[in-house]
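Take a look at the structure set out below.
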Amino acid sequence: MTAAGVQEKALEQRPASAGQLFGGLFLGPDLASQDAYRSMVNTATDVLIREFASSAKPYSGASPESLLASLEQQPACPEEPSETMSELLKRLGAEMLRHSAVVTHPACVAHLHCPPLMASLAAEAWIAASNQSMDSWDQSMAGTMLEEHVMEWLCELFGLEEEGDGVFTSGGTQSNLMGLLLARNHYAAVRWNWNIQQRGLPAASCRLRILCSEEAHFTVKQSAALLGLGEQAVVTVKADGRHRMRTGDLLLKLEEMKASGLLPFALVATAGTTDFGAIDPLEELSAIAKQYSMWFHVDAAYGGALAMSESQRARLRGIEEADSVTVDFHKGFYQPISCGAFLVRDKETFQTIRMSADYLNPESDEEAGVPNLVVKSIQTTRRFDALKLYLSLQHVGGRKFGQMVDHTVQLAKDTAALIRSEERLVLLAEPELGTVVFRYIPASRGLDDEMSLQWADGLNARIRDRLLADGWAVLARTRAEGRQCLKMTLLNPLTESAHTAIIIRKIVEAGLALELDQ
Ligand SMILES: *Cc1c(COP(=O)(O)O)cnc(C)c1O
């Protein structure tokens, strides 16, 4: 063999990880590293099953101080390791996993915080180990094509198939920011012939306005602030008794703006508000957006999953008219955090945020038809999260995804009925998706003055704290109608009304006990 041939052979075999200075640290072609990897992952799985998946309660009840004290016994970065991987995993399992919110537990019902599908967990192992980066094709060859393939299906799912396009994001926060970013840039380009990406905000931009419901997610205001428009640019529209945007108030606000020379450029509808799961009237709103030449963004971070259900899909009618859509997969699609998408009806609109870097996506790639997804994203290095959604869809199938949606919608209705029949609890609204908002009404004191009402507010907050400290239930709190409320977010398809009945009983018991303590 020639000298060059020997060198090539060495590259094919790659350096064996074992026996070198950094041996045992990386997975490679040698059996020793492969065995080490398998053993680490197996031990990690065993500890996870023991300390997390088998938990009898949704939380251990540990206080923040005790958790910190236990971690502080060990420096975050020791100069030299003192434990084997197996010892490390066992110690951390006891210190950390044992004191985590058990998302797979039926009484872990605080937030839009889902149990992840097993298929997605298997995919996560590949996402991490293969470590593809979605910014350029030469860092994620098959991955880029798979993300584009899933994106095509997603556009179709929401009726944006013709000129539609999209990109995976870190979640609803990023997707909402992208929606308003594109909306702002598009408006300036079309109305003012002004390129904000290059020239920054023109003076007239202080008159730009975004409309959304008073119950829209706080990230609408956050986005306005990040986009240099300020929170003052967000005008909130009143919601009706079912917590949906009132079109009458929207039209009123639009006319007021017109009269005072303000420039409403974007309308944000919510499909599934975080507290009440309310779906704004999408069809009417899309028509109003057209009439006033506004960008129509639909925040379907939560409600987007309805599209998977035969019986619920129609509730999203109008979403196909959106200029852009936010959808989260780490909520109703049961994916591990983080996983979301941002979709647009016209792929050309991505042009207003396009960046080109010689090292990443040179113009020549474009000409050669090599797709570099960085042009559609505000992230550079980006995880291959499309894989976990894809593997889940393939493994579970669309029909069962729809049945999971149906189950949680029904569970919320059944739980609401249980709350209604409970003397000490009052339901704030009929559930729309999977959230149930209610309040504990004290037995020992009437609520006819403000002081008593405030006392009841405190009592509701303490019920939530008590159940968390006892580890019986992880509940959420929120304010509605100006008062402190309790909230259950039912997302776990394994939860039944027999479970929520027990949680309700625990809430009432805690309320009565706390009243006696006063
Ligand atoms: C969760 C949520 C968001 C924020 O999404 P993240 O994934 O947490 O960034 C935005 N809007 C709505 C309606 C949500 O439910």
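Values below: every heavy atom of this structure, side chains too, minus hydrogens, waters and symmetry copies. In listed order, ligands and their atoms are each counted from 1.
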What side-chain donor-acceptor pairs closer than 3.5 Å can you find for residues 464-474, not counting sequence neighbours?
| residue | atom | partner | partner atom | Å |
| --- | --- | --- | --- | --- |
| R466 | NH2 | D517 | OD2 | 3.3 |

Show your reasoning for whether salt bridge (Lys or Arg N to Asp or Glu O under 4.0 Å) applies to D457 and R483.
CA-CA 6 Å; D457 283 349; R483 309 263 52 120; 2.8 Å; yes

Apply the test side chain to side chain contact (heavy atoms under 4.5 Å, CB included) to residues L433 and L306: give CA-CA distance (whole Å), side-chain angles for both, the deciding distance (0.1 Å), then the verdict.
CA-CA 9 Å; L433 294 180; L306 293 180; 3.6 Å; yes

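Here's the thing with T219: none of its N/O atoms is less than 3.5 angstrom from an N/O atom of ligand 1. At a 3.5 angstrom cut-off on N or O pairs, K331 counts as close to ligand 1. Residue contacts with ligand 1: D328 is placed with a nitrogen or oxygen under 3.5 Å of a nitrogen or oxygen of the ligand (distance criterion only). Geometrically, ligand 1 and Y302 share no nitrogen or oxygen pair separated by less than 3.5 Å.
Those atoms of ligand 1 with a heavy atom of G172 less than 4.0 angstrom away are 4 (C), 5 (O), 6 (P), 7 (O), 9 (O).
Proximity of T173 to ligand 1, defined as any heavy-atom pair under 4.0 Å, is shared by backbone and side chain alike. With a 4.0 Å cut-off on non-hydrogen atoms, L112 touches ligand 1 through its side chain and not its backbone. Only side-chain heavy atoms of N176 come within less than 4.0 Å of ligand 1; its backbone N, CA, C and O stay farther off.
Looking only at distances, no side-chain donor or acceptor of R382 sits under 3.5 Å from a matching main-chain atom of T169.
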